[in-house]
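Quick notes on the structure that follows.
No experiment lies behind these values; they were computed from the predicted model shown.
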Amino acid sequence: MSRTTAPAESAPVDSPPGDAPLTHGLKQRHLSMIALGGVIGAGLFVGSGQAIAAAGPSIVLAYALSGALVMLVMRMLGEMSAANPASGSFSVHAERAIGPWAGFTAGWSFWFLMCVAVGLEGMGAAQIMVAWFPGTAEWVWVALFMTLFCATNLAAVKNFGEFEFWFAALKVGAIVLFLGIGVLAIAGVLPGTDSPGATHLTGHGGFMPNGTEGLIVGLLASVFAYGGLETVTIAAAESEHPVQGVAKAVRTAMWRIAIFYVGSMAVVVTLLPWTHESVAKKGPYVATLDFLGIPAAGQIMNVVVLIALLSAMNANIYGASRMACSLVARGQGPKLLGRISGGVPRIAVLTSSAFGFVCVLLSYWRPDDLFAWLLNMIGAIILVVWFFIAVSQLTLRRRLEREAPEKLVVKMWLYPYLTWVALAGMAAVFVLMAREPDTRIQLYYTGGLTLCLAAVGFARQKLVAAKSA
């Protein structure tokens, strides 16, 4: 069998027994655009400003290092997901490789992350709308967006795919246009501009103006900006051709990360002094376009950021509902959440949306304690998920080579050496988080949540083993 020939495909392994399975309603164009747009979030458009303010021009190095780690993680996840497509993705792989407790921990921690993120993105989108329509209430916009995307996800999965296709297309178009304008300005051929050369890269304190501490802050910020790529392997289980879809998405990860993240950061710090106050205040993209004299740059980027937030809401409700459905199918959650109607886990969609809305309410009622507590708990969850992915791949690769080598359509590079390099990188990020006061508290809260879930999962595993003995 060739590298491009996929083994025979079957329905997702984690469809709840006795229920109609999840449908294969996503087309290849949906999956390709979900993979392409999944790497472009609001964190890139807005959050990167604080990272640039901390790291200076060395933010390019920070994004390159964290991007390399993410590419390794996605390659590992792609290998496992192409061999065994499942809507539970890494949770299913962790269960197979390590045990039910690991699948329980990875799955429910990711579900929690997605639900809280839905609320955060809803609030961010509502703030933009209130700025456009003064006098309107923020909660009204949040309710509207929640209702819209809950309804979208309650319908056939192809509706989710269509929304994400066009959202992603707009985000990709915005990034490509920004990069095109930036390259012209750097070359000095954009009307009204002169080539800055390396002035802003080496001036204002040098390439690494705040030393290694600034680079570390930028590195930590960049790591978490990449969150969301995992959704494509969840969606692949509901695509027309799961194996080929995952393989194609993973194989294009390298140039997507290099161009969209590293490339855009390089454009920003080359054209604009990193000390420019508008970088952190307005966001690097708006600041750069304003600096170049692009008309209405702020409003244009606000539209793009709004689209990125709405896209993330849509994708996170989808990802949370499928993960919950998968966990239930494996006996690791309330059976009600696993009920499938019309090929959609509608109870899981409603529950995930409702939890997100509760998070929004907590931001109004208890912003200083309960809401802050929620934010700290999700701070490092994506690193926990990546850790489970790497450990699972170490085990499952050996098993696949022994039992079903024909399923290795996608292979991790230089296995097992680069897998261990990725694990070492994750460990280094955990250590760096423990060193920084602002991220140390997140590490503690996320660690507490992970340990609690692991304890519950392990207890459930022992109980099931005892009953079957």
Side-chain angles (χ1 to χ4, degrees), residues 39 41-44 46-56 58-74 76-77 90 94 102 105-106 108-117 120 208-230 257 261-262 265 280 368-369 371-392 419-455:
V39 77
L44 173 63
V46 181
S48 55
Q50 296 294 333
I52 292 173
S58 68
I59 192 63
V60 177
L61 177 60
Y63 269 93
L65 290 172
S66 56
L69 175 59
V70 172
M71 282 191 284
L72 295 179
V73 171
M74 283 304 296
M76 289 184 278
L77 183 55
F90 50 83
T105 305
W108 284 116
S109 61
F110 183 78
W111 179 84
F112 184 78
L113 169 64
M114 291 291 98
C115 291
V116 175
L120 293 176
M208 201 179 295
N210 294 322
T212 55
E213 286 301 313
L215 178 62
I216 287 171
V217 173
L219 179 64
L220 292 176
S222 63
V223 164
F224 299 108
Y226 286 111
L229 278 168
E230 305 79 13
I257 290 173
Y261 275 84
V262 182
M265 289 299 102
D368 297 326
D369 47 19
F371 187 63
W373 180 67
L374 283 175
L375 293 183
N376 284 327
M377 278 205 298
I378 67 171
I381 283 179
I382 200 64
L383 276 175
V384 173
V385 168
W386 291 353
F387 177 82
F388 276 115
I389 289 171
V391 174
S392 300
T419 302
W420 284 109
V421 168
L423 281 167
M426 294 172 210
V429 175
F430 279 125
V431 171
L432 293 176
M433 288 187 72
R435 291 179 67 247
E436 298 293 325
D438 291 341
T439 53
R440 187 182 303 134
I441 188 68
Q442 296 177 7
L443 193 61
Y444 291 158
Y445 275 85
T446 300
L449 174 65
T450 303
L451 289 175
C452 287
L453 288 172

Minimum-distance pair of heavy atoms, taken over all atoms of [X] and [Y]:
{"X": "Thr446", "Y": "Gly379", "value": "OG1-N, 3.6 Å"}
{"X": "Pro209", "Y": "Ala55", "value": "CD-O, 3.6 Å"}
{"X": "Ala62", "Y": "Leu219", "value": "O-CD1, 3.5 Å"}
{"X": "Met426", "Y": "Ala390", "value": "CE-CB, 3.9 Å"}
{"X": "Arg435", "Y": "Ile216", "value": "NH1-CD1, 3.2 Å"}
{"X": "Leu383", "Y": "Val429", "value": "CD1-CG1, 3.4 Å"}

For Trp111, check ring pair (Phe, Tyr, Trp, His ring centres under 6.0 Å) against everything at least two apart and list the hits. Trp108, Phe355
Verify whether the ring centers belonging to Phe110 and Phe90 lie closer than 6.0 Å. yes
Beyond-backbone contact of [X] with [Y], side-chain heavy atoms, under 4.5 angstrom:
{"X": "Val70", "Y": "Trp386", "result": "yes"}
{"X": "Glu230", "Y": "Val73", "result": "no"}
{"X": "Val384", "Y": "Phe387", "result": "no"}
{"X": "Val385", "Y": "Ile381", "result": "yes"}

Partner residues of [X] under the side chain to side chain contact (heavy atoms under 4.5 Å, CB included) criterion, sequence neighbours left out:
{"X": "Ala54", "value": "Val217"}
{"X": "Ala280", "value": "Gln50, Ala53"}
{"X": "Leu451", "value": "none"}

To the nearest 0.5 Å, tell me how far [X] [atom1] sits from [Y] [atom2].
{"X": "Ile389", "Y": "Leu72", "atom1": "CD1", "atom2": "CG", "answer": "12.0 Å"}
{"X": "Ile441", "Y": "Met377", "atom1": "CD1", "atom2": "CE", "answer": "12.0 Å"}
{"X": "Leu215", "Y": "Leu65", "atom1": "CG", "atom2": "CG", "answer": "7.0 Å"}
{"X": "Leu220", "Y": "Met433", "atom1": "CG", "atom2": "CE", "answer": "6.5 Å"}
{"X": "Trp373", "Y": "Asn376", "atom1": "CH2", "atom2": "CG", "answer": "10.5 Å"}

Give a yes or no answer on whether the side chain of Ser109 reaches the backbone of Ala106 with a donor-acceptor pair at less than 3.5 Å. yes
Leu453 vs Leu449, side chain to side chain contact (heavy atoms under 4.5 Å, CB included): CA-CA, chis, key distance, verdict: CA-CA 6 Å; Leu453 288 172; Leu449 174 65; 4.1 Å; yes
So if I apply the side-chain contact (heavy atoms from CB on, under 4.5 Å) rule between Tyr63 and each of Val60, Ile59, Leu61, which one comes out positive? Ile59
Just to verify, what does Arg440 make a salt bridge (charged side-chain N to carboxylate O under 4.0 Å, His left out) with, not counting sequence neighbours? none
Salt bridge (charged side-chain N to carboxylate O under 4.0 Å, His left out) partners of Glu436, counting only residues at least two apart: none
